Amino acid sequence: MNFKRPRGTADILPEDQPYWAHVYATANKVATQFGYRRIDTPTFEYTNLFQRGVGDETDIVQKEMYSFEDHGGDNITLRPEGTASVCRAYIENGLDNEPQPVRMFYMAPMFRYERPQAGRVRQHHQFGCEAIGDPNPQVDAEVIELGWKYISDLGIKNVTLRLNSLGDPEGRFDYISDLDKYFTEHANELPKLDRDRLKRAPLRVLDSKAIETRALAEAAPKSVDYIGGETKEHWDILLSLLDNLKSVYQDFDYNIDHRLVRGLDYYNRTVFEYEPVDAGGQGTLLAGGRYDPLIGIIGGQETPAIGFGSGIERMILEIKKQEVLVGTPAGPDVVIVALGGAGAAAANLATSLRAANVATVLAPSRSMKAQMRYANKQNASNVVILGDREVESGVASVKSLSQGGEQTEVALDANAIAAHVRSVGDR
RNA sequence: GUGGGCGUAGUGUAGAGGUUAACACGCUAGGUUGUGGCCCUGGAGGCGAGGGUUCAAUUCCCUCCGCUCACCCCA
């Protein structure tokens with residue numbers, strides 16, 4: 001019987017780690033530049049947090065959660081997204097007593113029971129940012145800028161920003177009812193799939209992939225025409241702030257997309273999405289929006305907030321597609337090739353070299369040729385050759401693989417070898 | 001949940017109803033004294049599982065399992 005990894009999960013092998021390191025490092029750097037601080041929340045939560053926070057009617061809650069009852073009878077769910085947990089932590093730890101807004105970011109695995117396909121798996125990882133406690137559109141612009149800088153610092157090009165305002169819950173009622181009316185009038189022009197959708201979630205008809213529907217959606221009532229007062233002002237200010245960004249980031253631009261809606265219940269006002277211009281099915285790299293209602297929904301004081309989530313696997317797919325160079329990890333500074341009875345001396349030398357902070361690996365005890373090949377495959381900078389001769393004379397041969405094979409006699413002493421290796425340098 | 005495609009060494013591929021299933025990369029052992037890469041030679045390792053058709057199935061058929069792509073939905 002062979003064991004296999006569960007469906008929709010992945011082993012991230014050593015050869016792939018440079019991509020992950022690049023993404024983690026960039027995310028960490030950019031978030032820090034914007035004053036966001038890292039938060040880690042548990043991998044699982046009580047199920048009702050997501051039922052309430054994400055929304056009972058959403059697909060995520062309806063059919064995608066990894067839920068189970070633990071031994072004490074509590075209902076537990078592996079987190080399907082990050083925002084609800086961060087907000088729970090904000091309330092639970094009294095972060096509303098810190099200066100507002102509280103800026104936080106996370107990098108963590110998410111779990112959803114779905115059929116895997118390109119860009120979609122059951123365990124995926126997200127980098128997310130949340131700015132909690134400030135209603136000002138300046139924060140909306142900040143989060144959008146952060147997302148832009150993250151993507152461009154990763155080295156990804158040709159990404160577009162789609163933007164929309166969903167308005168506020170009160171005003172949205174009129175909008176949805178007009179939208180419903182509009183699509184119902186054209187119901188006979190809609191494919192069956194979208195007629196069903198119309199009954200379930202009229203907003204979602206807008207972002208249908210069916211070409212017939214798309215044409216209708218273009219002419220449908222627009223959410224931004226239904227916002228007024230403070231909400232409209234918020235939107236207008238946001239747009240002017242985004243226009244300002246263009247002068248700093250030459251490639252930055254945004255497209256107002258009236259068809260952009262959200263699957264989770266907690267969003268209001270600003271929603272946005274970054275996606276490659278040539279994106280296929282599951283192309284969204286980063287998506288977010290304002291979720292002013294959420295903290296109230298899960299039991300906190302009404303607190304405005306905005307944030308985004310970004311799929312790391314999708315980002316890496318795009319990095320590979322665009323052939324972004326992510327660098328390769330260096331090999332060890334030293335591989336020790338031991339011959340004859342020098343095994344014990346080699347092991348001692350390895351320990352001393354590591355104590356001197358020289359990255360050192362012992363070659364497997366095989367023939368010299370095999371050990372040399374091994375050192376080469378490890379991408380070692382240097383080989384220290386240690387046989388009975390060297391142990392007796394107290395002088396080791398140090399060969400610099402990276403410097404074309406130049407060989408030097410060095411006293412058989414960790415500090416001397418360390419000094420030599422450093423002076424030779426690598427590549 | 002629905003629909004399409006595909007399952008041959010670790011990876012990528014070739015193959016044919018009939019002897020020992022091929023090639024490349026990778027792994028491993030060597031190429032006369034204790035020196036890597038390039039080159040050369042050898043070795044290990046495989047037809048997803050079960051059933052059916054047939055004298056004979058890895059090849060044809062069915063079922064299952066797995067992978068993959070798309071829809072739904074989403075990062």
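In what follows, chains are A, B, ... by sequence order, proteins preceding strands, each numbered from 1. Bear in mind that the values here come from a model prediction, so they are computed numbers and not experimental data.
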**Prompt:** Does anything in residues 373-401 of chain A pair up under salt bridge (charged side-chain N to carboxylate O under 4.0 Å, His left out), and if so which pairs, sequence neighbours excluded?
**Reply:** none
**side-chain contact (heavy atoms from CB on, under 4.5 Å) partners for Phe173(A), two or more places apart** = none
**Item:** Partners meeting ring-ring contact (aromatic ring centres under 6.0 Å, His included) with Phe252(A) (sequence neighbours left out)
**Value:** Trp148(A)
**Message:** From the set rU2(B), rA75(B), rU28(B), return the single nucleotide nearest to any side-chain atom of Arg366(A).
**Reply:** rU28(B)
**Fill in**
Base-pair string, RNA chain B, Watson-Crick plus G-U, cut-off 3.5 Å on both distances, | for inter-strand, is (((((((..((((....[...)))).(((((.......)))))....(((((..]....))))))))))))....
**Message:** Applying a 4.0 Å non-hydrogen cut-off, can you work out what Gly119(A) is touching in the nucleic acid: base, sugar-phosphate, or nothing?
**Reply:** base
**Item:** With Arg103(A) via salt bridge (charged side-chain N to carboxylate O under 4.0 Å, His left out) - residues at least two apart
**Value:** Glu142(A)
**Asked** Between Trp20(A) and Tyr24(A), how do the two ring planes meet: parallel, tilted or perpendicular, split at 30° and 60°?
**Response** tilted
**Prompt:** Taking for each residue the nucleotide of RNA chain B bearing the nearest heavy atom, is the 5' side occupied by Gln126(A) or by Gly8(A)?
**Reply:** Gly8(A)
Can you pull every protein N or O that's under 3.5 Å from an N or O on nucleotides 34-41 of chain B?
{"from": "rG34(B)", "atom 1": "N7", "to": "Arg389(A)", "atom 2": "NH1", "distance (Å)": "3.1"}
{"from": "rG34(B)", "atom 1": "O6", "to": "Arg389(A)", "atom 2": "NE", "distance (Å)": "3.0"}
{"from": "rG34(B)", "atom 1": "O6", "to": "Glu390(A)", "atom 2": "OE1", "distance (Å)": "3.4"}
{"from": "rG34(B)", "atom 1": "N1", "to": "Glu390(A)", "atom 2": "OE1", "distance (Å)": "2.9"}
{"from": "rG34(B)", "atom 1": "N1", "to": "Glu390(A)", "atom 2": "OE2", "distance (Å)": "2.9"}
{"from": "rG34(B)", "atom 1": "N2", "to": "Glu390(A)", "atom 2": "OE2", "distance (Å)": "3.0"}
{"from": "rU35(B)", "atom 1": "O2", "to": "Lys399(A)", "atom 2": "NZ", "distance (Å)": "3.0"}
{"from": "rU35(B)", "atom 1": "O2", "to": "Gln407(A)", "atom 2": "OE1", "distance (Å)": "3.3"}
{"from": "rU35(B)", "atom 1": "N3", "to": "Gln407(A)", "atom 2": "OE1", "distance (Å)": "3.0"}
{"from": "rU35(B)", "atom 1": "N3", "to": "Gln407(A)", "atom 2": "NE2", "distance (Å)": "3.1"}
{"from": "rU35(B)", "atom 1": "O4", "to": "Gln407(A)", "atom 2": "NE2", "distance (Å)": "2.8"}
{"from": "rG36(B)", "atom 1": "O2'", "to": "Asn376(A)", "atom 2": "ND2", "distance (Å)": "3.4"}
{"from": "rG36(B)", "atom 1": "N7", "to": "Lys399(A)", "atom 2": "NZ", "distance (Å)": "3.3"}
{"from": "rG36(B)", "atom 1": "O6", "to": "Gly405(A)", "atom 2": "N", "distance (Å)": "3.3"}
{"from": "rG36(B)", "atom 1": "N1", "to": "Leu401(A)", "atom 2": "O", "distance (Å)": "3.4"}
{"from": "rG36(B)", "atom 1": "N2", "to": "Asn376(A)", "atom 2": "OD1", "distance (Å)": "2.9"}
{"from": "rG36(B)", "atom 1": "N3", "to": "Asn376(A)", "atom 2": "OD1", "distance (Å)": "3.2"}
{"from": "rG37(B)", "atom 1": "OP1", "to": "Arg373(A)", "atom 2": "NE", "distance (Å)": "3.3"}
{"from": "rG37(B)", "atom 1": "O4'", "to": "Asn376(A)", "atom 2": "ND2", "distance (Å)": "3.0"}

**Asked** For Arg7(A) and rC67(B), is the shortest distance between a side-chain N/O and OP1 or OP2 below 4.0 Å?
**Response** yes
**Message:** Is it true that Tyr226(A) and Asp178(A) share a donor-acceptor pair across their side chains at a distance under 3.5 Å?
**Reply:** yes
**Prompt:** Do you see a donor-acceptor pair shorter than 3.5 Å between the side chains of Glu130(A) and Thr83(A)?
**Reply:** yes
Every protein N/O within reach of nucleotides 6-13 of chain B N/O, cut-off under 3.5 Å:
none

**Asked** From rA75(B), rC71(B), rG30(B), pick the nucleotide closest to the side chain of Lys209(A)?
**Response** rC71(B)
**Request:** For Thr26(A) and Asp153(A), test the side chains for any donor-to-acceptor distance below 3.5 angstrom and give the result as yes or no.
**Result:** no
**Message:** So if I apply the side chain to side chain contact (heavy atoms under 4.5 Å, CB included) rule between Ile417(A) and each of Val410(A), Val358(A), Thr360(A), which one comes out positive?
**Reply:** Val410(A)
**Asked** Could you give the CZ-to-P distance, from Arg162(A) to rA75(B), as a whole number of Å?
**Response** 12 Å
**Request:** Check each residue of residues 47-68 of chain A for a non-hydrogen atom within less than 4.0 Å of any atom in RNA chain B, then write out the ones that pass by number, or none.
**Result:** Asp59(A), Lys63(A), Glu64(A)
**Message:** With salt bridge (charged side-chain N to carboxylate O under 4.0 Å, His left out) as the rule and sequence neighbours excluded, what pairs involving residues 44-65 of chain A come up?
**Reply:** Glu45(A)-Arg88(A), Asp59(A)-Lys63(A)
**Side-chain donor-acceptor pair present, Asn164(A), Asp257(A), cut-off under 3.5 Å** = no
**Prompt:** With a 4.5 Å heavy-atom cut-off, do Ile144(A) and Tyr274(A) have their side chains touching?
**Reply:** yes
**Prompt:** At under 4.0 Å between heavy atoms, what does Ala118(A) touch on the DNA or RNA strands: base, sugar-phosphate, or nothing?
**Reply:** sugar-phosphate
**Asked** Taking the side chain of Arg115(A) as heavy atoms from C-beta outward, which of rA29(B), rG3(B), rC73(B) is closest to it?
**Response** rG3(B)
**Prompt:** Taking atom types as modelled, is there a side-chain donor on Asp333(A) or Ser381(A) under 3.5 Å from an acceptor on the other?
**Reply:** no
**Complete:** Rounded to whole Å, CD of Gln117(A) lies from C1' of rG5(B) at a distance of 14 Å
**Request:** Please list, by residue number, the residues of residues 190-206 of chain A whose heavy atoms come closer than 4.0 Å to an atom of RNA chain B; answer none if no residue qualifies.
**Result:** Leu193(A), Arg197(A), Arg200(A), Arg204(A)
**Request:** Would you mind telling me which of rU68(B), rA75(B), rA29(B) lies closest to the side-chain atoms of Arg112(A)?
**Result:** rA75(B)
**Asked** salt bridge (charged side-chain N to carboxylate O under 4.0 Å, His left out) with Arg354(A): which residues, sequence neighbours excluded?
**Response** none
**Fill in**
Tyr150(A) meets the ring-ring contact (aromatic ring centres under 6.0 Å, His included) criterion, sequence neighbours left out, with Phe127(A)
